Structure formats: structure tokens, C-alpha cells
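Structure, as C-alpha cells:
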There are 2 protein chains.
Amino acid sequence: MKNGIKEVAKKANVSTATVSRVLNSSEVVTEETKRRVLAVIDELNYMPHAIGRALVTRQTNLIGVILPDVHSEFFSELIRGIDKAARQHNYHIIVSSTHSDKREIESMLTVMQGGRVDGLIIMSPHIDTEEVIKHLSPLSRVVFVNSYLNGASFDSVTIDNYGGAYQMVEHLIEHGHKRIAILKGEERNYDAQERFRGYLDAVKDNGLDRIKNFELLGDFTEESGYDAMIGVLRMKSKPTAIFCSNDSMALGALRAMHEKDIIVPGEIALAGFDDVPSARYVLPSLTSVHVPIFEMGKEAVEHLFVSLEGKNGGEGKKMMLPTLVIKRESCGCTPVAT
Amino acid sequence: MKNGIKEVAKKANVSTATVSRVLNSSEVVTEETKRRVLAVIDELNYMPHAIGRALVTRQTNLIGVILPDVHSEFFSELIRGIDKAARQHNYHIIVSSTHSDKREIESMLTVMQGGRVDGLIIMSPHIDTEEVIKHLSPLSRVVFVNSYLNGASFDSVTIDNYGGAYQMVEHLIEHGHKRIAILKGEERNYDAQERFRGYLDAVKDNGLDRIKNFELLGDFTEESGYDAMIGVLRMKSKPTAIFCSNDSMALGALRAMHEKDIIVPGEIALAGFDDVPSARYVLPSLTSVHVPIFEMGKEAVEHLFVSLEGKNGGEGKKMMLPTLVIKRESCGCTPVAT
DNA sequence: ATAGGTGATGTAAACGTTTACATTGCATAA
DNA sequence: TTATGCAATGTAAACGTTTACATCACCTAT
């Protein structure tokens, strides 16, 4: 007992064309006919076949979302933002995580194209974004999110990594710190690069010396933050403040300091980036740079729709969302609760 | 300059059927022909049109995932597990969050069915699951995840909420506690119910009195944990231990105790549920019940594929994944680091 | 030499819609 | 009365594949 548009048409004594017109609320159908068709649709519990429809309209109402591995708050917030905005346009999203694996990215793009989605949102924080672009069919609509994209004419939405880092470091300087270390992220990570750039400029613009020893390398994980901090604590002349390129590393650093009985911020002040939920609940609470992830997802979708509706291809519109320094206990702004 | 299978066929001097056979690696094609076709495919950069294919094969290689609002670690872990398993079968996933809104669920189901996906994974922790089931087309393949599902003949994968709570409470009892409070989740939440049931049975089986005053109501948010704890601290005769139905509430409770200078676990011991990442980093670190979220997603997909491959409809196979008590500082197992 | 078999390829229908165009019936104007 | 126009509906092609079936060439056994 299959029931397609044909069955509905027959039962309602009209042609499939008319049923289709009712379905797409075309104006030209008589009230009477419309009522009859609707009744039959209801009776047969008819559901339009999305694939059949997509084949002819060349529209799937689907957006593909390609992400690298990403920590959980970021991931869920981004998806939430994207989904929310997509739903408002009556779209759904196909999500896939690439683990930043080249072969995986490639296969993903192949699958996603070929009519399966109307547009693509890609996050590619590593420098291999050029690889990605190479596999992009020229007619596909794409918006990049928080990606390394030098000059390529694609739409993109990013957060102000540079500015956030700059302001945070400047804030530490306002506290009187002159020896500020940075815990960097992976070299090839775009966010990490930008945040480092912000640190460097803030240090320079405020007349402090750049101390190469204080530029530590991490990889955005809690462990790497812990390890790096242990290293710092072995230094003869220690920094008085540490700016971590993300909160996970800051939490790791904090753990190391707890273990070694270092008082934060008394002996060493600490600041992170991302403002993850835990930042509020650790002791001392973690000063961090808030990042509008949800909004970024939302904006990405809006950009995509502009591109989808306009005839002309994406004109490479870039958008940068502001970040915000959240002052808590670990930088010394608020007395530490005990 | 469109290029479909026809263009490939023409250029390679074969019929579309042969191209299709090459594409689907059918055995019967000559080596020579295959090579020629493959060459043309490469030259034209031909990509099979997924929709055209789906229309005739009646297969989209897509799994729909419908989730309520869910906290971020849970969300991302679950998606990760589902995506990983799906990719192994060459499937992609369509994700949508319903915010537990009835109308939204309904429209979601309608959209998702009608040939758009091959199967559905649904998480519906609230009691209104029956509403969901009502809108399920009988031929759609579905696996429920962590859902309230009394007896309905659907496949489902859940975690052992009851057992985890039971063991955790029993563990607190082993520490010598006799006055153990519980911070419950919303009444209509399935997880919350089960965890409460575990608490109740553990208390009873160990010969302790049920103290109604100690059964506090929360809603799984950090704030509700904080508020409830403030209430507890005003009680004349306080509990000596508190079991929170999830970690967010436990973190809230912890914050309240910090503010009021209550020593944990010295004065009041604390335990949570979910084992979120922050549990490791708060002070004191939080004893909690670990939940295999990733695995749950993976298992859900595997169940779905069994159902997809088998001719017969889902036989209502249920699977329950074990939970694990993780002992840290907040229950008194480990000395608290300072 | 011929029938029958086999292996490779081609032909065309089918999947479930939408939509350009054709048709119909009817009202209105000349 | 007949042309004209218009509103409502129908007809059938199209979207891009897959696949059952037909065809064809060639080989083998009789």
C-alpha cells in the first residue's frame, strides 16, 4: 500500500499537477478543489517524497556542516547556532566531523556535493584550508567559519581572536604585570596564530620586552597546559602572569599550580581564552575571553542564505565577531572566594 | 556546462548503463571499458548526483538524529559517537534539536520521513515520547536513545541510570553516611526518574530511613543546584552527604558550599552524575558516575543498521550500557589537594 | 553449419515530484 | 452568434540515476 501523489490525485479526482499545486499553495486552485485534495491528503496520511521533489526543484533544503575535531562546548554551541538559524529558513543540517584528516575531508566534500546539499559551512582551522578549497566545486555555495583563509574569495565568519588576546594581555599589563608569558596553541592552528599575534602586539605596544623564553608551546589540551606549567615553575626567573591561548590549557596550568601550592593570582596571575562553562566554577574562577560561538554559527547561515538567494556567487564577504574580556578572580580583579 | 552521467557516457562511447555499472563496480564490465570510462569521469570531474541516485535506489545514506536540548558534553559526545559509526557505514547524519517542543518534534518527523533519511535516532527523555511515536510512520526504522519507552516495540539504547545511582548511593553509605539527601531532576525526565529510583532502592536495601525532606527538586541546571543547596544549608538537621542527579547541579551545590564556607567532604560529602570534564578540575574534584555517551551513540547506529539490513521490522531490542562510579575527592575517598 | 550458451553492452522504464504548455469551459463583448 | 479572454485544470516532459530485459557478437559443442 504505497501512497504517492498519484494515489492522492486519483482519490481526489484531480491530476497530480493539481495536487502539487495545492501542496505548494499555488494561488490558482479553487477553494473547493483545495479542500477536497487536502482532505484526501489527510486521509491517506500522505507525505511528499522529499527526494522526488528535490530532483526536479534542484533544492534539498539541506546545509552541510564540516568540522574538525573541536572541544565540546565549541562544537555544541556552533551546531546549535547553525541549526537554529537553518530551521528558521526551513533547512536541516548534515553534520560531519573530519578529524582534520585530509582524506576524510576530501571524501566528505565529494559526498556533500553532487546535489546533496544546497550549501556548505566549513570550519578548517588548520593551514591546509587550501587543500579543501581545491576540492570545492566552483558552483557550490560555501561559508567558512573561523578558518585560515588568506585572500581567497569565499565568504567567511570569524571571531576576533587577535583583538581578544590583545585586550586580555593589555588587561594583565594594567594589573601591573611586566613579565607575561603566553601558552600558545599549535603552530598551524589559525586561532592560535591570531591569539599569539595579539599577545605580541599588546606586549610591544605597551613598551614591554619580548621574552622568547616566555613563549610556550601547547596544543590546546588540558594536559599540554599542565605540562607547560610544570616547565614554567622550574624556571629561575618566572613570569608573574600567564596568558593561555585557550581555557583547557589554562585549567591544566591551574591544576599544576594547585599541586605545587602556587597561589593564583597572588604569585602568578592567569587568564584564558574561550570562556568555557567551567571557567566560572574553578577556584579561583578563571578570567577569560568570551567568544560568541552561537552567533558565529548563526551568522554563517545568514551569509549562506544571502549567497543562496542572490544570483551571483559569493563575493567573499568577511565578517568578524567581537570578543569580550571577562574579568574574574584569576587575574586579580576580584578577591578570591574561599 | 553541466556534466551528468550522459555526458560521460557519450564521451566514453558507451551507454549510461555501462557508466553506472562502472560507478557501482559491477563485475561484468571489461577492464578496457572500465579504464576508458574512469578516465572520462576523471577528465570531466564527474560526481554522481546523489538525489538522482537516491530516487531509484530508495536509499539516501542519511540517518536523522533528533535530540532535545541537552548539555554540551552530552550533545557533542553523542553526535561524535553517532557520526563515527555512521561514517563507517558510509552514512551521514542530519542533526536537529527539538528543544522538546511538541510542534517542533512533529514537523521534524514529517520532514525527516518521506524518503529523506533511511533511519532515525531519537532521544526523547521526556514522558511525551508517546506523542513522538504517534507521528512515526510505521515503515520507518527507528532507534531510541536514553528515552522513556515503556514496552513499545522499538529498538532502544540506554545507560544504566538506575544502577549508577544505586551504586553511588551505596558508596556514600560505605563511607558511613546515614543521612543522604538527593537532588532530583525534573519529574518528567526519564534519566531523573531512574536515578531517583536507584537512590530510593539503595537507601531502602541498606536499611536506612527514607527522609522526605532530603528529596530536593532541581532541573539539571547549575543554578537549581545552587539554590537547592542554599536551602539545605538552612535546614536545622542537615544531611551529611548529597547525591546530585547530575554534575551541573553538583557544581552549583559546590559553589553554594564554597560561599558558605562548608568543607567538602568534611562537613558534607558530595557526589554527582555524568562525569563531565569539569568534574576532574573543580576543588575538591567531584566524585561522579561515568556515562558512556560516545558508546551509546555508536550502539544506536549499529542497532539501526541491523534493523536496516534485516528484512523484518525492529523487534524492539533493548540495550543497556553500564555506568561506572568514579571516586574522587568530594566523597571522601581521596585526600583533598590544597 | 547450426543451435545454444555466454559475456558484454545497450535500451528504456521506473523512481516521485514540478511545471511549461495545452486544453477546457465559461463569461463577456462585439 | 461568434470571437476573445481568462480561470481552472490536465498532460506530459523533465530532473539523473539504476536495472530488468533485450540485443549482439562470438565461442563451443554437436
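In this text, all values refer to a predicted model and were calculated from it rather than measured experimentally. Throughout, protein chains are lettered first and strands after them, A, B, ... in sequence-line order, and every chain is numbered starting at 1.
- Met320(B) pairs in a side chain to side chain contact (heavy atoms under 4.5 Å, CB included) with only one of the listed residues (Thr158(B), Val157(B), Asn161(B), Ile159(B)), which is Thr158(B).
- Not counting sequence neighbours, the partners of Ala54(B) by the side-chain contact (heavy atoms from CB on, under 4.5 Å) test are Ile51(A), Thr60(B).
- Residues passing the ring-ring contact (aromatic ring centres under 6.0 Å, His included) test with Phe220(A), sequence neighbours excluded: none.
- Shown here are the salt bridge (charged side-chain N to carboxylate O under 4.0 Å, His left out) partners of Arg80(B), two or more places apart in sequence or in another chain: Asp69(A), Glu77(B).
- In this model, a donor atom of one side chain and an acceptor atom of the other lie less than 3.5 Å apart for His92(B) and Arg87(B).
- Listed by chain and residue number, His71(B) satisfy the ring-ring contact (aromatic ring centres under 6.0 Å, His included) test with Phe74(B) (two or more places apart in sequence, or in another chain).
- A donor-acceptor pair shorter than 3.5 Å cannot be found between the side chains of Asn61(A) and Asp118(A).
- Within residues 49-60 of chain A, the residues having any heavy atom under 4.0 Å from DNA chain C are, by residue number, His49(A), Gly52(A), Arg53(A), Leu55(A), Val56(A), Thr57(A).
- Under the rule for a side-chain contact (heavy atoms from CB on, under 4.5 Å), the partners of Thr30(B) that lie at least two apart in sequence or sit in another chain are Glu32(B), Thr33(B).
- Using five terminal pairs a side, the axes of the helix from dA1(C)-dT30(D) to dA30(C)-dT1(D) at its two ends make an angle of 70°, given in steps of 10 degrees.
- Checking Tyr46(B) against Arg21(B), the closest nucleotide of DNA chain D that is more toward the 5' end is the one next to Tyr46(B).
- A search for ring-ring contact (aromatic ring centres under 6.0 Å, His included) contacts involving His89(A) returns Phe305(A), not counting sequence neighbours.
- Using a 4.0 Å cutoff to heavy atoms of chain B, the contacted part of DNA chain D runs 5' to 3' from dG16(D) to dT19(D).
- Qualifying side-chain contact (heavy atoms from CB on, under 4.5 Å) partners for Ser20(A), counting only residues two or more places apart in sequence or in other chains: Ile5(A), Asn24(A).
- The two atoms that bring Val19(B) and Ala9(B) nearest to each other are CG2-CA, 3.7 Å, heavy atoms only.
- Between Pro48(A) and Val29(B), the residue anchored closer to the 5' end of DNA chain C is Val29(B), taking for each the nucleotide with the nearest heavy atom.
- Legend: residues meeting side-chain contact (heavy atoms from CB on, under 4.5 Å) with Glu43(B), ordered by chain and number and at least two apart, are Lys11(B).
- Side-chain contact check for Val143(B) versus Glu299(B): every heavy-atom pair is 4.5 Å or farther apart.
- Nucleic acid contact class of Thr30(A) (heavy atoms, under 4.0 Å, all strands): sugar-phosphate only.
- Proximity of residues 6-13 of chain A to DNA chain D (heavy atom under 4.0 angstrom from any strand atom) is restricted to Asn13(A).
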